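Notes for the one structure printed next.
Since we're looking at a predicted model, the values are computed, not measured.
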Amino acid sequence: VSCNAAISACEARGDWVEALAWLSEARRRRVECDEITYNAAISVCAKDKQWRRALWLLCDMRVRQLETDEVSYTSAMAACVDHRPWQL
C-alpha cells in the first residue's frame with residue numbers, strides 16, 4: 001500500500017522519474033507490486049509523454065501476469081498520443 005501511495009503522490013506531482021524509482025526499489029525489495037501500482041506508474045509516465053517507459057511497464061505487467069485493464073491501456077495510449085517518430 002505504501003508503494004502505491006508513493007507512486008500516486010509522484011503522479012500528482014508529475015514526477016515520473018521518482019515514480020519509477022519507487023517501483024524499481026519495491027521490486028528490488030521483493031515488495032508485491034499489483035495492477036494499481038503499475039497503472040499509477042503508467043499514468044505518471046503518460047503525463048510527461050514518456051511513451052517508451054509507459055509501454056515497457058504495460059509489457060512488464062503482462063510478463064508478471066498482472067491483469068491489464070482499461071486504465072492500463074488508456075494511460076499507455078495517452079503516453080503515445082503526441083509521439084511522432086517520422087516527419088511528413
Side-chain angles (χ1 to χ4, degrees):
V1 175
S2 61
C3 183
N4 290 353
I7 292 175
S8 292
C10 293
E11 180 183 4
R13 294 190 315 269
D15 189 350
W16 64 269
V17 174
E18 185 71 20
L20 295 186
W22 274 100
L23 182 62
S24 178
E25 182 64 16
R27 288 190 305 227
R28 189 183 72 75
R29 292 179 181 235
R30 302 200 190 290
V31 173
E32 186 176 332
C33 297
D34 60 12
E35 292 85 356
I36 295 168
T37 311
Y38 273 83
N39 284 346
I42 293 170
S43 181
V44 72
C45 287
K47 286 184 177 182
D48 198 32
K49 305 300 182 203
Q50 296 296 317
W51 64 273
R52 284 187 179 100
R53 289 172 177 85
L55 294 179
W56 181 87
L57 289 166
L58 186 65
C59 290
D60 197 39
M61 284 181 77
R62 302 293 303 254
V63 167
R64 295 175 185 274
Q65 299 179 340
L66 296 173
E67 187 174 331
T68 53
D69 60 13
E70 289 178 23
V71 175
S72 313
Y73 290 110
T74 302
S75 296
M77 286 188 292
C80 298
V81 167
D82 291 331
H83 176 64
R84 293 184 183 95
W86 60 86
Q87 291 185 348
L88 298 176

Would you please name every residue forming a salt bridge (Lys or Arg N to Asp or Glu O under 4.0 Å) with Arg30, sequence neighbours left out? none
Once salt bridge (Lys or Arg N to Asp or Glu O under 4.0 Å) is applied, do any residues pair with Asp69, and if so which ones, sequence neighbours excluded? none
Between Trp22 and the options Cys10, Cys33, Ser8, the side-chain contact (heavy atoms from CB on, under 4.5 Å) test singles out Cys10
Check the pair Arg62 / Thr68 against side-chain contact (heavy atoms from CB on, under 4.5 Å), numbers first and verdict last. CA-CA 7 Å; Arg62 302 293 303 254; Thr68 53; 3.7 Å; yes
Below 4.5 Å, heavy atoms only, C-beta onward: do [X] and [Y] meet side chain to side chain?
| X | Y | result |
| --- | --- | --- |
| Thr37 | Glu32 | no |
| Met61 | Glu67 | no |
| Leu23 | Leu57 | yes |
| Asp15 | Val17 | yes |
| Lys47 | Trp16 | no |

Quick check against the 3.5 Å criterion: does [X] have a side-chain atom that pairs as donor or acceptor with the backbone of [Y]?
| X | Y | answer |
| --- | --- | --- |
| Ser24 | Leu20 | no |
| Glu11 | Val44 | no |
| Ser75 | Val71 | yes |

Over 12 non-hydrogen atoms of neighbours within 6.0 angstrom of CZ in Arg13: yes
Please check if atom CD1 in Ile36 has more than 12 non-hydrogen atoms from other residues, nucleotides or ligands closer than 6.0 Å. no
To the nearest 0.5 Å, what is the distance between SG on Cys45 and CH2 on Trp56? 10.0 Å
Which atoms form the tightest heavy-atom contact between [X] and [Y], and what is the distance?
| X | Y | value |
| --- | --- | --- |
| Ala54 | Ala76 | CB-CA, 4.4 Å |
| Asp60 | Arg27 | OD2-NH1, 3.1 Å |
| Ala40 | Ile7 | CB-CG2, 3.6 Å |

Polar contact flag, side-chain donor to acceptor under 3.5 angstrom, Tyr38-Ser72: no
Take Asn4 and Asp34, measure what side-chain contact (heavy atoms from CB on, under 4.5 Å) needs, and give me the verdict at the end. CA-CA 9 Å; Asn4 290 353; Asp34 60 12; 3.5 Å; yes
Within one Ile-Leu-Val-Met-Phe-Trp-Tyr cluster: Tyr73 and Ile42, side-chain cutoff 4.5 Å: yes
